[in-house]
Amino acid sequence: MIEGVIEIEIMEKNEISILGAGLIGSLLSIYLKKRGCDVSVYEKRADNRKVGYKEEGRSINMALSDRGWKALEKIGMTEKVAALTIPMYGRRIHDEHGNTSFLPYGKDKQAIYSISRGKFNQLLVEEAENKGVKIFFDHKCESVDLRTNEISFTVPETGTEKIHSKVIIGSDGAYSSLRMAMQKQVRFNFRQEYISHGYKELSIPATAEGEFAMDPNALHIWPRGMFMLIALPNPDKSFTCTLFLPFEGAKVCFDKINDKRDVEGIFKNYFDDAYQLMPNLGEEFFTNPTSALINVECYPWVLKQAMLIGDASHAMVPFYGQGMNCGFEDCFILDSLIEKLGTNAWELVFAKFQKMRKPDTDAISKLAMENFVEMRDATADPKFLLRKKIEAKLHSLFPNEWIPLYTMVTFSDMPYSEAYTQGKLQEAIMDKVMANPLITQNWDKLDYEDIVNQMDAAKAV
Ligand SMILES: Cc1cc2nc3c(=O)[nH]c(=O)nc-3n(C[C@H](O)[C@H](O)[C@H](O)COP(=O)(O)OP(=O)(O)OC[C@H]3O[C@@H](n4cnc5c(N)ncnc54)[C@H](O)[C@@H]3O)c2cc1C
C-alpha cells in the first residue's frame, strides 16, 4: 500500500455505491434502501447540516411539479416536503412600466411549488440516514476504474481512499466523475453546450412589516427580450431572484457591468419595480458568482454494473423547471424496473432503464432550450398571452383532446417524448389559428370543435 493511501475494501454485502448526495442521489438512496439494498453515498461537499448551506452560485429555490411529487409520494415523503413549499399558481409578468398581468399555469389549484434547494437536500439526506443509508461527506470521487469497479476519493482527513463496489451509480451532477470514466471507453457519445447566457442570484427581502413584497403565490417574470429576471417566493417571506443575461456581445450583458452604478442603471431602466424592492442589489451583484448554463447529452448511460442518473446523464438548461423533476422521475422509473426484475439483475435493469428513458430526457432537454425563448421574449408579447388563453379555452372545452404542452410536461406524467410530439402538432395548428388577422377581436367566437378535429386528424397521420 502506498503511504497516505487508505484502501477500504467494500465487501459483496455492501453492494451499491452512489456518487453525489445531491437531490437525485439522496432520493435514489432512499428508494434503493427500501428495496433492501445496502447503500453507501459519497459526497464531495461537507455535511451542510453541520457547516450551513453554501450555494456555489446555483439556484437556491426550485419549482417542484407533478413528476417530482409522484416520486416523493412513492416513498411516503409528500407531507414532509409539502411543509417546505409555497404554491405558485401562475406567472406574474412585469412589464417595463411596472404593470403586471397574471398567466395561470393550469386550471384552478394547479400549481408548481417553490422550495429551497438547500433545505430540500437536507431533508432528503436526513431521511436517507434515518432509513439506514450510509453517507460519507467530504469524499470527492477522483476516478473510477470501470474494469475493476474501484473508486478513488480525496478525503481531507486521510488523503486518498479507495473502495470497490459491485454496483456504482453516478448522480454527481453535470460534471460527473463517473461519466468522465465512461468517456474513456470506446463508443461513448457525449455532447455538451454552454448557452450564451449565464445567471446570477439576487434577492428581494421581506418588507419592514415582515410581509412578502409581492404576490407570493406566483413565479414573477420580467421578460426583456434578450434577457430576463425571475423571482420565486421563500417561506421567510423573501424572494430569490435569478437574473439571466448574455455573458457578452449585447447591449445588456455581464461583461459590461463593472460597478454598482452600472447595475443600478440597468435595474432602474429595465426592472424598476423590482429595483425598488432590492436594497442589497449592488452588494449582492458583486458578491454572488455569475454561473454558466450547460446542456449535456450522452449515451450510453450504462457500462455493466455502473450507471449515470439525473444531471450526470442529462443536464438541461433550467427554463422548463424540470431538471430535478426529471431526475426524480428517473428514480421512480428505475425503482419500477427493480420492482419487476429484482435486485440481482442490475445489468438488465440498467439496460432497460437507459433504453426506455433516453427518448424522454432528450425531449425535455429540447423543450427546456426552446422555453428559454418563450420566457425571456414571448411572455412580453400580447399575442402570446392570447394564444395561451385560446389554448386554455380549448383545454376546458375538450380536456382530453387538447392539453397545453406546459400542462402535459408539468401537471402529468405522460412520457416527455409523447408530450413533445403532441405539443408540436398543437403548435402547428395554433400557428394557423394565430395567423388570422382578426384573431384579437374574434378569438372567443372561433370554431373550437374544428380546431380539435384538426388535431385529431393530425394525430391520425
Ligand atoms: C439556475 C437553475 C435553476 C433550476 N431550477 C430548477 C427548477 O425550478 N426545477 C427543477 O426541476 N430543476 C431545476 N434546476 C435543475 C436542477 O437543479 C438539477 O436538475 C438537479 O439539481 C440535478 O440533481 P443531481 O442530484 O442530478 O445533480 P446536482 O444537484 O448537481 O448534485 C450532484 C451532487 O454530487 C456532488 N458531486 C459532484 N461531483 C462529485 C464528485 N466528484 N464526488 C462526489 N460528489 C460529487 C455535488 O456536490 C452534489 O451534491 C435548475 C438548475 C439551475 C442551474
Measure centre to centre between the rings of Phe247 and Tyr194, then say whether the value is under 6.0 Å. no

Could you point out which residue of Tyr89, Tyr406, Tyr113, Tyr320 forms a ring-ring contact (aromatic ring centres under 6.0 Å, His included) with Tyr105? Tyr406

Ionic contact status for Asp335 with Lys34, cut-off 4.0 Å: no

Salt bridge or not for Asp172 and Arg179, using N-O below 4.0 Å? no

Determine, for Lys424 against Glu370, whether the closest basic-nitrogen to carboxylate-oxygen distance falls under 4.0 angstrom. yes

Quick one: are Leu367 and Tyr416 in side-chain contact, heavy atoms under 4.5 Å? no

Centroid-centroid under 6.0 Å between His395 and Trp402 rings: no

Passing candidate, side chain to side chain contact (heavy atoms under 4.5 Å, CB included) with Asn61, options Ile115, Ile86, Asn234: Asn234

May I ask you to decide if the ring planes of Trp301 and Tyr299 are parallel, tilted or perpendicular, using 30° and 60° as cut-offs? perpendicular

Side-chain touch Val296/His314, heavy atoms, less than 4.5 angstrom: no

Any non-hydrogen side-chain atom of Lys393 less than 4.5 Å from a side-chain atom of Tyr448? yes

Does Lys389, at its NZ atom, have more than 12 non-hydrogen atoms belonging to other residues, nucleotides or ligands within less than 6.0 Å? no

Looking at Asp215 and Arg92, does any basic side-chain N land under 4.0 Å from a carboxylate oxygen? yes

Result of checking Leu293, Leu243, Ile230, Asn288 against Tyr199 for side chain to side chain contact (heavy atoms under 4.5 Å, CB included): Leu293

If you draw the axis of the six-membered ring of Tyr31, does the NZ or CZ of Lys74 fall within 45° of it and under 6.0 Å from the ring centre? no

Electrostatic pair Asp138:Arg45 at N-O distance under 4.0 angstrom: no

Examine distances only and state if a side-chain atom of Ser114 and a backbone atom of Pro233 form a donor-acceptor pair shorter than 3.5 Å. yes

Applying the ring-ring contact (aromatic ring centres under 6.0 Å, His included) test to His197, which of Phe372, Phe254, Phe227, Phe319 qualifies? Phe372

Among pairs that include at least one residue of residues 273-289, which meet salt bridge (Lys or Arg N to Asp or Glu O under 4.0 Å), considering only residues two or more places apart or in two chains? none

Cationic N near anionic O, under 4.0 Å, Asp362 to Lys358: yes

Surrounding NZ of Lys388 (heavy atoms of other residues, nucleotides or ligands, distance under 6.0 Å), is the total greater than 12? yes

Tell me if the centroids of the rings in Phe271 and Tyr275 come within less than 6.0 Å of each other. no

Presence of salt bridge, Glu264 and Lys260, under 4.0 angstrom: no

Hey, does Glu127 have a side-chain heavy atom less than 4.5 Å from the side chain of Leu123? no

Quiz item: cation-pi between Lys70 and Phe332, 6.0 Å / 45°: yes

Quick check on the 6.0 Å ring-centre criterion: do Tyr42 and Phe153 meet it? yes

Between Lys166 and Asp38, does any NZ, NE, NH1 or NH2 come within less than 4.0 Å of an OD or OE carboxylate oxygen? no

Distance flag, aromatic centroids of His220 and Phe239, threshold under 6.0 Å: yes

What residues form a ring pair (Phe, Tyr, Trp, His ring centres under 6.0 Å) with Phe137, not counting sequence neighbours? none

Quick one: do Glu129 and Lys33 make a salt bridge, cutoff under 4.0 Å? no

